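All values below come from the heavy atoms of this structure, side chains included, with hydrogens, waters and symmetry mates left out. The shown structure was predicted, so the numbers you read here are calculated from the model rather than taken from an experiment. Letters A, B, ... mirror the listed sequences (proteins, then strands); counts begin at 1.
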Amino acid sequence: MEKAGINSNQVRWARERAGLQLSDLSKALQLAEDKIAAWETGEEQPTFRQAQKLAERLRVPLPYLFLPSPPEENSPIADLRTLRNEARATFSLDFKEVLNDSLQKQNWYREYLQNTGQASPLEFIGKYSVESDVKTVARDIQAVLGLDEELRKSARSKSDFLSKLVQQAEEAGILILISGVVKNNNHRKLTVEEFRGFVLSDAVAPLVFINGNDTEAAKLFTFVHELAHLWVGASGVSNVEVKSAVENDFDQLERFCNQVAAEVLIPAEDFQSIWQSDLSLEENLQRYRHYKVSDLVLLIRARQLRRISSTEFQQAYATRISWYKNRKRSSGGNFKNTLPARNSKLLTSALIAATLEGQTLYRDAARMLNVKVETLKKVADHLEIH
DNA sequence: CCATCCGAGGACCACTCGAG
DNA sequence: CTCGAGTGGTCCTCGGATGG
């Protein structure tokens, strides 16, 4: 069998980068641990086929295994880090892949707009700064989203409310991706401990990514929080701790975006006028049902506006969180709906339009969405029906 | 050593239904 | 009417099994 002739040092580097033990790899590749160890020392060489499988499992392009030394991997993440002053030592491989995947989609979409003469700058990107008035920014976001009494009324449920807002944001030209996994791999779930969302600001093709593994309540809040980022024109990775929204976040930008998000979802004036001090917390929460926001958001608001004590907040918050965590996730669903939701409907339909017009190859389009060509065609049919 | 097949697991939306 | 819970349809990845 012909040997691949890879650089043994690269095997070790890639394995450690992927956070895998020799034993994990041995199991995944169905090969003896000694053999893989020998690849790493250079005593043995894998076959081409084995090298291919190895690269696949280590999530690196095959050529990486032949390089003389590890490649620089700093590109977009370095920028994000400087923009966000939180000292995050390292990002997980999963996160990096999601970020790169999103950047590719954003780049494609920007070029698509340019090629079709639709690339006009969105007026709201970077319209304000963190020094701006919270209320003013919040009103502007509401206006762009068309978030008014009517929209709230038309939402059939809280999750429907979120999807309606997402739809409005996409119509305004913002790509919104909501996914709880890396690419289409259900075995690689994203953790909310690492991030709840991120935003890639851009004048013509802004992109918001929401970690779909989060609770409904948190997703809604993160979504609006990321929009606030765009309104001040800042990219960044966010881990919006719902809890920290009521305390003084050390980061001025994050604090500002949290305040704006709360103001968008439930304006302080409305909140104050509806609240009745002689009612219990639970009774009061019932009075805000038509706002279609979850108890968690209401609790944040109540605390921010000093309607409840810190202890009351902590207590009510804790019971909600455990309830949300215990709730069952139904399995099933239609992949033809899932795919556009994960990759942004705006991007998906633009991509399909581009392939139909012959500007983009089916192969490339399918690769960008991480599906087979056949699947992409089915999704295209599905979307045309509606 | 390797190609191929097959079942398990699980993501997510859209819609319906029934209780309050 | 409102709202949450439940359900159906579809795909991708993984890993074990099989047999060349």
Asker: Show me the donor-acceptor pairs, under 3.5 Å and distance only, between side chains in residues 359-367 of chain A and residues at least two apart or in other chains.
Answerer:
unit_1   : atom_1 : unit_2   : atom_2 : d
A:Gln359 : NE2    : A:Glu357 : OE1    : 2.6

Asker: Counting only side-chain nitrogens and oxygens, does A:Lys53 get under 4.0 Å of the OP1 or OP2 atom of B:dA3?
Answerer: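 No, A:Lys53 has no side-chain N/O under 4.0 Å of OP1/OP2 on B:dA3.
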Asker: Let me check I have this right: for DNA chain B, each base becomes ., (, ), [, ] or |, based on Watson-Crick or G-U pairs with both distances under 3.5 Å. What is the full string?
Answerer: |||||||||||.||||||||
Asker: Give a yes/no on whether any side-chain N or O of A:Lys378 is located under 4.0 angstrom from OP1 or OP2 of C:dT10.
Answerer: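 So the side chain of A:Lys378 is outside the cut-off, no N or O lying under 4.0 Å from OP1 or OP2 of C:dT10.
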Asker: Under the rule for side-chain contact (heavy atoms from CB on, under 4.5 Å), what residues qualify as partners of A:Leu58, not counting sequence neighbours?
Answerer: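 With sequence neighbours excluded, A:Leu58 shows a side-chain contact (heavy atoms from CB on, under 4.5 Å) to A:Ala14, A:Arg15, A:Ala18, A:Leu20, A:Leu25, A:Leu54, A:Val60, given in chain and number order.
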Asker: With a 4.0 Å limit, can you tell me whether A:Asn184 has a side-chain N or O closer than that to the phosphate oxygens OP1/OP2 of B:dA11?
Answerer: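 For B:dA11, OP1/OP2 do not have a side-chain N/O of A:Asn184 under 4.0 Å.
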Asker: Using the test side chain to side chain donor-acceptor pair (under 3.5 Å), find all partners of A:Gln315 that sit at least two apart in sequence or belong to another chain.
Answerer: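 Not a single residue meets the side chain to side chain donor-acceptor pair (under 3.5 Å) criterion with A:Gln315.
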Asker: Categorize A:Arg59 for me: base, sugar-phosphate, or nothing, with a 4.0 angstrom heavy-atom threshold over every strand shown.
Answerer: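 Sugar-phosphate, no base atom in range.
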Asker: Which pairs, with at least one residue in residues 107-120 of chain A and sequence neighbours excluded, count as a salt bridge (charged side-chain N to carboxylate O under 4.0 Å, His left out)?
Answerer: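 The answer is A:Arg110-A:Asp202.
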Asker: Report the residues that fulfil side-chain contact (heavy atoms from CB on, under 4.5 Å) with A:Ala268, sequence neighbours left out, ordered by chain and then residue number.
Answerer: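 For A:Ala268 the side-chain contact (heavy atoms from CB on, under 4.5 Å) partners, ignoring immediate neighbours, are A:Glu263, A:Arg301, A:Leu305.
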Asker: Shorter than 3.5 Å, N or O on both sides, protein versus nucleotides 15-20 of chain C: list them out with atom names.
Answerer:
none

Asker: Using a 3.5 Å cut-off and no angle test, enumerate the donor-acceptor pairs between side-chain atoms of residues 368-376 of chain A and protein atoms at least two apart in sequence or in another chain.
Answerer:
none

Asker: Any base atoms under 4.0 Å from A:Ser159, or only sugar-phosphate, or nothing? Heavy atoms, all strands.
Answerer: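 The answer is nothing, as A:Ser159 stays clear of every strand by at least 4.0 Å.
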Asker: For the side chain of A:Thr47, counting heavy atoms from C-beta on, which of C:dT10, B:dC2, C:dT13 is nearest?
Answerer: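 It is B:dC2.
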Asker: Side-chain N or O of A:Thr338 less than 4.0 angstrom from OP1 or OP2 on C:dC11?
Answerer: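 Result: no.
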Asker: Between A:Lys292 and A:Lys372, name the one whose nearest nucleotide on DNA chain C is closer to the 5' end.
Answerer: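 In this pair, the answer is A:Lys292.
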Asker: Quick check on the hydrophobic clustering: are A:Leu279 and A:Leu285 connected, directly or via other members, by side-chain heavy-atom contacts under 4.5 Å?
Answerer: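 Not linked; separate clusters.
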Asker: Please list all pairs meeting salt bridge (charged side-chain N to carboxylate O under 4.0 Å, His left out) that have one or both residues in residues 115-127 of chain A, counting only residues at least two apart or in different chains.
Answerer: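 Qualifying pairs: A:Glu123-A:Lys127, A:Lys127-A:Asp140.
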Asker: Is the distance between the ring centroids of A:Tyr288 and A:Phe271 under 6.0 Å?
Answerer: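 Between A:Phe271 and A:Tyr288, the centre distance is under 6.0 Å.
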Asker: Between B:dC13 and A:Lys336, is there an OP1 or OP2 to side-chain N/O distance shorter than 4.0 Å?
Answerer: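 Looking at the OP1 and OP2 atoms of B:dC13, neither is under 4.0 Å from any side-chain N or O of A:Lys336.
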